[in-house]
Amino acid sequence: MELNQINEQCFYFKGAVNIGYIKNEEDGILIDAGLDDSAVKKVIKQLDEKGWPLTHLFITHAHADHFGGAAYLKKKKEVKISAPELESAILTFPILEPIYLQNGNYPFKELRNKFVEGKPVTVDETCTEGPYSIGSLNVTLHNVSGHSYHMLAVQVDDVLYAADSYFDEKTLVKHNIPYIVDGTETIRSLHKLLSMDVNGAVPGHGEYEESFKDTVQKNILYHQKVEEDLLKIISREKSTSLDTVIAKLCQLRGLKIENMTSWALFRTGVCAYLKKVVEEGQVQIIFENNYLSYRRT
(Lines give C-alpha, C1' and ligand atoms only; values in the text may rest on other atoms or scores of the structure.)
Protein backbone atom coordinates (compact mmCIF):
# COMPACT_ATOMS: atom_id res chain seq x y z
CA MET A 1 0.00 0.00 0.00
CA GLU A 2 1.72 3.17 -1.25
CA LEU A 3 0.89 6.40 0.60
CA ASN A 4 0.00 9.28 -1.74
CA GLN A 5 -0.57 12.87 -0.62
CA ILE A 6 -3.28 15.00 -2.27
CA ASN A 7 -3.14 18.08 -0.05
CA GLU A 8 -2.33 18.99 3.55
CA GLN A 9 -5.08 16.84 5.05
CA CYS A 10 -6.07 14.38 2.29
CA PHE A 11 -4.13 11.23 1.40
CA TYR A 12 -4.76 7.74 0.07
CA PHE A 13 -3.03 4.39 0.20
CA LYS A 14 -2.80 3.06 -3.35
CA GLY A 15 -3.43 -0.64 -3.76
CA ALA A 16 -5.69 -3.07 -5.57
CA VAL A 17 -8.35 -1.41 -3.43
CA ASN A 18 -7.57 2.15 -2.36
CA ILE A 19 -7.83 3.22 1.27
CA GLY A 20 -8.38 6.92 1.86
CA TYR A 21 -6.94 8.85 4.81
CA ILE A 22 -7.79 12.32 6.11
CA LYS A 23 -6.35 13.96 9.20
CA ASN A 24 -6.00 17.04 11.33
CA GLU A 25 -4.25 17.61 14.65
CA GLU A 26 -6.80 15.55 16.57
CA ASP A 27 -8.17 12.81 14.35
CA GLY A 28 -7.13 10.46 11.59
CA ILE A 29 -9.82 8.80 9.49
CA LEU A 30 -9.47 5.87 7.13
CA ILE A 31 -11.96 5.60 4.29
CA ASP A 32 -12.46 1.85 3.77
CA ALA A 33 -10.22 -0.89 5.12
CA GLY A 34 -9.12 -3.06 2.21
CA LEU A 35 -9.73 -6.72 1.45
CA ASP A 36 -8.08 -8.34 4.44
CA ASP A 37 -5.86 -7.96 7.50
CA SER A 38 -2.73 -7.79 5.35
CA ALA A 39 -3.81 -4.60 3.58
CA VAL A 40 -4.77 -2.70 6.71
CA LYS A 41 -1.66 -3.87 8.59
CA LYS A 42 0.47 -2.07 5.99
CA VAL A 43 -1.57 1.08 6.49
CA ILE A 44 -1.32 0.94 10.30
CA LYS A 45 2.45 0.40 10.09
CA GLN A 46 2.98 3.49 7.94
CA LEU A 47 0.75 5.70 10.08
CA ASP A 48 2.45 4.53 13.27
CA GLU A 49 5.88 5.24 11.77
CA LYS A 50 4.80 8.80 11.00
CA GLY A 51 3.08 9.25 14.34
CA TRP A 52 -0.16 10.20 12.59
CA PRO A 53 -3.51 9.69 14.35
CA LEU A 54 -5.91 6.85 13.56
CA THR A 55 -9.20 7.32 15.36
CA HIS A 56 -12.02 6.58 12.92
CA LEU A 57 -13.00 4.39 9.99
CA PHE A 58 -15.64 5.27 7.43
CA ILE A 59 -16.80 2.33 5.29
CA THR A 60 -18.29 3.51 1.99
CA HIS A 61 -20.14 0.28 1.20
CA ALA A 62 -20.37 -3.31 2.35
CA HIS A 63 -18.35 -5.18 -0.26
CA ALA A 64 -15.73 -7.44 1.24
CA ASP A 65 -12.82 -5.86 -0.65
CA HIS A 66 -13.61 -2.56 1.08
CA PHE A 67 -14.18 -3.73 4.66
CA GLY A 68 -12.30 -7.03 5.00
CA GLY A 69 -9.62 -5.43 7.20
CA ALA A 70 -12.06 -3.54 9.43
CA ALA A 71 -12.34 -6.15 12.21
CA TYR A 72 -8.55 -6.31 12.59
CA LEU A 73 -8.32 -2.52 12.57
CA LYS A 74 -10.92 -2.17 15.30
CA LYS A 75 -9.19 -4.79 17.41
CA LYS A 76 -5.80 -3.09 17.12
CA LYS A 77 -6.79 0.57 17.26
CA GLU A 78 -10.31 0.65 18.74
CA VAL A 79 -11.42 3.07 16.06
CA LYS A 80 -14.97 4.37 15.84
CA ILE A 81 -16.68 3.01 12.72
CA SER A 82 -19.30 4.78 10.61
CA ALA A 83 -21.12 3.33 7.60
CA PRO A 84 -24.21 3.93 5.44
CA GLU A 85 -27.49 2.78 6.98
CA LEU A 86 -28.35 -0.21 4.78
CA GLU A 87 -24.75 -1.25 4.24
CA SER A 88 -24.20 -1.50 8.01
CA ALA A 89 -26.54 -4.50 8.21
CA ILE A 90 -24.25 -6.42 5.86
CA LEU A 91 -21.15 -5.31 7.78
CA THR A 92 -22.68 -6.74 10.94
CA PHE A 93 -23.81 -9.94 9.20
CA PRO A 94 -21.47 -10.41 6.20
CA ILE A 95 -23.12 -13.70 5.24
CA LEU A 96 -25.90 -11.53 3.81
CA GLU A 97 -23.68 -10.84 0.77
CA PRO A 98 -23.31 -14.47 -0.38
CA ILE A 99 -26.99 -14.95 0.52
CA TYR A 100 -28.17 -12.21 -1.83
CA LEU A 101 -25.68 -13.29 -4.48
CA GLN A 102 -27.33 -16.70 -4.41
CA ASN A 103 -30.86 -15.35 -4.84
CA GLY A 104 -31.65 -15.45 -1.14
CA ASN A 105 -30.75 -19.09 -0.58
CA TYR A 106 -28.33 -20.12 2.12
CA PRO A 107 -25.08 -20.00 0.13
CA PHE A 108 -22.94 -22.81 -1.16
CA LYS A 109 -19.59 -23.11 0.61
CA GLU A 110 -17.91 -22.02 -2.62
CA LEU A 111 -19.50 -18.58 -2.28
CA ARG A 112 -18.33 -18.14 1.30
CA ASN A 113 -14.86 -16.82 0.53
CA LYS A 114 -13.07 -13.63 1.57
CA PHE A 115 -13.91 -11.91 -1.71
CA VAL A 116 -17.65 -11.95 -1.00
CA GLU A 117 -17.87 -12.47 2.76
CA GLY A 118 -15.73 -10.25 4.94
CA LYS A 119 -15.22 -10.58 8.69
CA PRO A 120 -18.09 -9.14 10.74
CA VAL A 121 -17.57 -5.72 12.26
CA THR A 122 -19.65 -3.66 14.67
CA VAL A 123 -20.71 -0.29 13.26
CA ASP A 124 -20.81 2.47 15.89
CA GLU A 125 -22.81 4.99 13.88
CA THR A 126 -24.89 4.81 10.71
CA CYS A 127 -25.27 7.75 8.38
CA THR A 128 -26.90 8.97 5.20
CA GLU A 129 -26.36 11.67 2.57
CA GLY A 130 -25.52 15.20 3.70
CA PRO A 131 -23.14 17.05 6.02
CA TYR A 132 -21.52 14.74 8.55
CA SER A 133 -18.92 15.02 11.30
CA ILE A 134 -16.32 12.30 11.72
CA GLY A 135 -14.66 13.17 14.97
CA SER A 136 -13.47 16.77 14.61
CA LEU A 137 -13.53 16.68 10.79
CA ASN A 138 -16.52 17.90 8.81
CA VAL A 139 -17.27 16.15 5.52
CA THR A 140 -20.12 15.89 3.03
CA LEU A 141 -21.53 12.47 2.17
CA HIS A 142 -22.98 11.84 -1.30
CA ASN A 143 -25.31 8.96 -2.15
CA VAL A 144 -23.71 7.23 -5.15
CA SER A 145 -25.69 4.00 -5.16
CA GLY A 146 -25.72 1.61 -8.11
CA HIS A 147 -22.63 -0.48 -7.56
CA SER A 148 -23.97 -1.15 -4.08
CA TYR A 149 -27.29 -0.46 -2.35
CA HIS A 150 -26.48 2.63 -0.27
CA MET A 151 -22.90 3.54 -1.14
CA LEU A 152 -21.69 6.92 0.12
CA ALA A 153 -18.82 8.95 -1.32
CA VAL A 154 -16.94 11.27 1.04
CA GLN A 155 -16.16 14.87 0.11
CA VAL A 156 -13.51 16.68 2.13
CA ASP A 157 -13.43 20.31 1.00
CA ASP A 158 -12.53 19.99 -2.71
CA VAL A 159 -11.44 16.31 -2.71
CA LEU A 160 -13.87 13.46 -3.33
CA TYR A 161 -13.31 9.90 -2.15
CA ALA A 162 -15.64 8.38 -4.73
CA ALA A 163 -15.69 4.74 -3.58
CA ASP A 164 -16.81 2.47 -6.45
CA SER A 165 -19.17 4.98 -8.05
CA TYR A 166 -16.82 4.88 -11.05
CA PHE A 167 -13.80 2.81 -12.11
CA ASP A 168 -10.61 3.57 -13.94
CA GLU A 169 -10.43 2.19 -17.48
CA LYS A 170 -8.17 -0.69 -16.47
CA THR A 171 -10.72 -1.94 -13.94
CA LEU A 172 -13.62 -1.60 -16.39
CA VAL A 173 -11.80 -3.72 -18.97
CA LYS A 174 -10.72 -6.25 -16.33
CA HIS A 175 -14.28 -6.91 -15.14
CA ASN A 176 -15.81 -6.60 -18.62
CA ILE A 177 -19.40 -6.66 -17.31
CA PRO A 178 -19.13 -4.37 -14.27
CA TYR A 179 -20.61 -5.53 -11.00
CA ILE A 180 -23.63 -3.33 -10.30
CA VAL A 181 -26.91 -3.92 -8.47
CA ASP A 182 -28.99 -1.24 -10.21
CA GLY A 183 -28.35 0.03 -13.73
CA THR A 184 -30.51 3.14 -13.38
CA GLU A 185 -28.87 4.21 -10.11
CA THR A 186 -25.41 3.56 -11.54
CA ILE A 187 -25.97 6.03 -14.38
CA ARG A 188 -27.66 8.53 -12.05
CA SER A 189 -24.66 8.45 -9.74
CA LEU A 190 -22.23 8.93 -12.63
CA HIS A 191 -24.11 12.01 -13.81
CA LYS A 192 -24.12 13.25 -10.22
CA LEU A 193 -20.32 13.01 -10.20
CA LEU A 194 -20.17 15.11 -13.37
CA SER A 195 -22.04 17.89 -11.59
CA MET A 196 -19.82 17.98 -8.49
CA ASP A 197 -17.63 21.02 -7.87
CA VAL A 198 -14.44 19.37 -6.61
CA ASN A 199 -10.81 19.56 -7.69
CA GLY A 200 -10.26 15.84 -7.97
CA ALA A 201 -11.40 12.36 -6.97
CA VAL A 202 -10.01 9.10 -5.63
CA PRO A 203 -11.87 6.05 -7.00
CA GLY A 204 -11.99 2.79 -5.09
CA HIS A 205 -9.77 1.29 -7.80
CA GLY A 206 -7.33 3.48 -9.73
CA GLU A 207 -5.43 6.74 -9.32
CA TYR A 208 -6.39 10.13 -7.93
CA GLU A 209 -7.33 12.34 -10.88
CA GLU A 210 -7.99 16.04 -11.13
CA SER A 211 -9.58 15.36 -14.52
CA PHE A 212 -11.69 12.51 -13.12
CA LYS A 213 -14.80 13.66 -14.99
CA ASP A 214 -13.24 12.43 -18.25
CA THR A 215 -13.01 8.98 -16.67
CA VAL A 216 -16.58 9.27 -15.36
CA GLN A 217 -17.79 10.03 -18.88
CA LYS A 218 -15.93 6.96 -20.16
CA ASN A 219 -17.76 4.92 -17.51
CA ILE A 220 -21.11 6.18 -18.82
CA LEU A 221 -20.17 5.21 -22.37
CA TYR A 222 -18.94 1.81 -21.18
CA HIS A 223 -22.24 1.04 -19.43
CA GLN A 224 -24.10 2.14 -22.54
CA LYS A 225 -22.08 -0.32 -24.63
CA VAL A 226 -22.85 -3.19 -22.25
CA GLU A 227 -26.54 -2.26 -22.43
CA GLU A 228 -26.40 -2.20 -26.24
CA ASP A 229 -24.87 -5.68 -26.24
CA LEU A 230 -27.61 -6.85 -23.90
CA LEU A 231 -30.35 -5.56 -26.18
CA LYS A 232 -28.80 -7.38 -29.16
CA ILE A 233 -29.50 -10.68 -27.39
CA ILE A 234 -33.16 -10.05 -26.57
CA SER A 235 -35.49 -10.63 -29.50
CA ARG A 236 -38.79 -8.94 -30.42
CA GLU A 237 -40.04 -12.13 -32.05
CA LYS A 238 -39.62 -14.57 -29.17
CA SER A 239 -38.80 -14.51 -25.49
CA THR A 240 -35.33 -15.23 -24.11
CA SER A 241 -34.92 -16.87 -20.71
CA LEU A 242 -32.89 -15.17 -18.01
CA ASP A 243 -30.25 -17.92 -17.99
CA THR A 244 -29.90 -17.62 -21.76
CA VAL A 245 -29.51 -13.83 -21.55
CA ILE A 246 -26.74 -14.21 -18.96
CA ALA A 247 -24.92 -16.93 -20.92
CA LYS A 248 -25.18 -15.14 -24.28
CA LEU A 249 -24.09 -11.74 -22.97
CA CYS A 250 -21.03 -13.33 -21.38
CA GLN A 251 -20.28 -15.18 -24.62
CA LEU A 252 -20.74 -12.02 -26.70
CA ARG A 253 -18.28 -10.14 -24.51
CA GLY A 254 -15.72 -12.98 -24.49
CA LEU A 255 -16.27 -14.16 -20.94
CA LYS A 256 -16.19 -17.73 -19.67
CA ILE A 257 -17.77 -18.45 -16.29
CA GLU A 258 -15.89 -21.24 -14.51
CA ASN A 259 -16.81 -20.95 -10.82
CA MET A 260 -19.67 -20.06 -8.51
CA THR A 261 -18.31 -16.65 -7.50
CA SER A 262 -17.95 -15.51 -11.12
CA TRP A 263 -21.41 -16.81 -11.94
CA ALA A 264 -22.98 -14.95 -9.00
CA LEU A 265 -21.22 -11.67 -9.78
CA PHE A 266 -21.94 -11.69 -13.50
CA ARG A 267 -25.53 -12.80 -12.97
CA THR A 268 -26.09 -9.88 -10.61
CA GLY A 269 -24.53 -7.41 -13.03
CA VAL A 270 -26.57 -8.64 -16.00
CA CYS A 271 -29.77 -8.51 -13.94
CA ALA A 272 -28.99 -4.92 -12.97
CA TYR A 273 -28.85 -3.91 -16.64
CA LEU A 274 -32.03 -5.91 -17.30
CA LYS A 275 -33.83 -4.04 -14.52
CA LYS A 276 -32.90 -0.74 -16.16
CA VAL A 277 -34.15 -1.63 -19.65
CA VAL A 278 -37.36 -3.10 -18.23
CA GLU A 279 -38.04 0.04 -16.20
CA GLU A 280 -37.42 2.16 -19.30
CA GLY A 281 -39.93 0.11 -21.30
CA GLN A 282 -37.36 -1.21 -23.78
CA VAL A 283 -37.88 -4.79 -22.62
CA GLN A 284 -40.76 -6.63 -21.01
CA ILE A 285 -40.76 -9.56 -18.61
CA ILE A 286 -42.47 -12.70 -19.89
CA PHE A 287 -43.32 -15.86 -17.95
CA GLU A 288 -43.35 -18.69 -20.46
CA ASN A 289 -43.24 -22.45 -19.82
CA ASN A 290 -42.28 -21.67 -16.22
CA TYR A 291 -39.25 -19.64 -17.32
CA LEU A 292 -38.58 -16.02 -16.38
CA SER A 293 -37.90 -14.55 -19.80
CA TYR A 294 -37.53 -11.24 -21.62
CA ARG A 295 -38.71 -9.80 -24.93
CA ARG A 296 -37.97 -6.51 -26.68
CA THR A 297 -40.95 -4.15 -26.89
Side-chain angles (χ1 to χ4, degrees), residues 61-65 86-87 89-90 94-113 115-117 145-151 164 167 171-190 219-297:
H61 63 294
H63 286 167
D65 59 335
L86 180 57
E87 306 285 333
I90 303 168
I95 193 174
L96 289 173
E97 184 168 358
I99 283 174
Y100 70 65
L101 286 173
Q102 200 169 305
N103 299 310
N105 297 115
Y106 200 85
F108 289 117
K109 289 181 180 179
E110 191 178 352
L111 262 184
R112 302 195 65 183
N113 59 70
F115 298 101
V116 293
E117 184 180 354
S145 301
H147 171 73
S148 189
Y149 302 109
H150 188 197
M151 183 165 58
D164 284 354
F167 298 106
T171 303
L172 282 173
V173 172
K174 175 185 175 182
H175 292 294
N176 195 312
I177 299 175
Y179 179 84
I180 57 175
V181 297
D182 190 306
T184 302
E185 284 297 296
T186 296
I187 299 299
R188 181 199 63 78
S189 292
L190 289 167
N219 273 246
I220 293 172
L221 294 174
Y222 194 94
H223 287 296
Q224 289 175 346
K225 180 61 171 67
V226 176
E227 185 178 313
E228 289 170 5
D229 286 346
L230 174 70
L231 292 173
K232 290 176 185 175
I233 292 163
I234 304 171
S235 170
R236 286 188 171 88
E237 285 70 43
K238 60 181 181 178
S239 63
T240 308
S241 73
L242 173 58
D243 284 342
T244 301
V245 172
I246 295 167
K248 286 193 172 182
L249 183 59
C250 289
Q251 291 165 6
L252 180 62
R253 297 187 62 82
L255 291 165
K256 185 178 181 181
I257 296 175
E258 297 182 317
N259 58 65
M260 181 64 71
T261 300
S262 292
W263 171 83
L265 296 175
F266 285 125
R267 181 203 61 81
T268 303
V270 174
C271 287
Y273 289 106
L274 281 167
K275 179 176 179 288
K276 178 177 182 291
V277 295
V278 168
E279 290 176 340
E280 292 172 347
Q282 298 187 71
V283 170
Q284 61 181 319
I285 296 172
I286 302 289
F287 289 95
E288 190 171 73
N289 298 322
N290 295 326
Y291 285 98
L292 170 61
S293 301
Y294 298 85
R295 183 182 294 158
R296 290 285 297 274
T297 55

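In this text, all values refer to a predicted model and were calculated from it rather than measured experimentally.
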Please name all residues satisfying side chain to side chain contact (heavy atoms under 4.5 Å, CB included) with Thr268, sequence neighbours left out, ordered by chain then number.
-> Leu101, Tyr179, Val181
Residue list, side-chain hydrogen bond (donor to acceptor under 3.5 Å, both in side chains) with Thr297, at least two apart or on another chain = none
Mind checking what makes side chain to side chain contact (heavy atoms under 4.5 Å, CB included) contact with Pro94, not counting sequence neighbours?
-> Phe67, Glu117, Pro120
Glu97: side-chain hydrogen bond (donor to acceptor under 3.5 Å, both in side chains) partners, not counting sequence neighbours | none
Asn290: side chain to side chain contact (heavy atoms under 4.5 Å, CB included) partners, not counting sequence neighbours | none
How are the rings of His175 and Phe167 set to each other: parallel, tilted or perpendicular (split at 30° and 60°)?
-> tilted
State which residues pass side-chain hydrogen bond (donor to acceptor under 3.5 Å, both in side chains) with Thr186; sequence neighbours excluded, sorted by chain then number.
-> none
side-chain hydrogen bond (donor to acceptor under 3.5 Å, both in side chains) filter on Asn289, not counting sequence neighbours, yields none
Without hydrogens or angle criteria, can the side chains of Ser148 and Glu87 be said to hold a donor-acceptor pair below 3.5 Å?
-> yes
Kindly indicate whether the side chain of Phe287, heavy atoms from C-beta on, has any atom under 4.5 Å from the side chain of Ser293.
-> no
Any residue meeting ring pair (Phe, Tyr, Trp, His ring centres under 6.0 Å) with Tyr100, in chain and number order, not counting sequence neighbours = Tyr149
Got a sec, which pairs hit salt bridge (charged side-chain N to carboxylate O under 4.0 Å, His left out) with one end in residues 253-278, sequence neighbours left out?
-> Asp182-Lys275, Glu227-Lys276, Asp229-Arg253, Lys256-Glu258, Lys275-Glu279, Lys276-Glu280
Please report the closest heavy-atom contact between Thr244 and Thr240, naming both atoms and the distance.
-> CG2-CG2, 3.6 Å
Please name all residues satisfying ring pair (Phe, Tyr, Trp, His ring centres under 6.0 Å) with Phe266, sequence neighbours left out, ordered by chain then number.
-> none
Heavy-atom pair of closest approach, residues Asn176 and Tyr222 = O-OH, 2.7 Å
Decide if the gap between the ring center of His61 and the ring center of His150 is smaller than 6.0 angstrom.
-> no
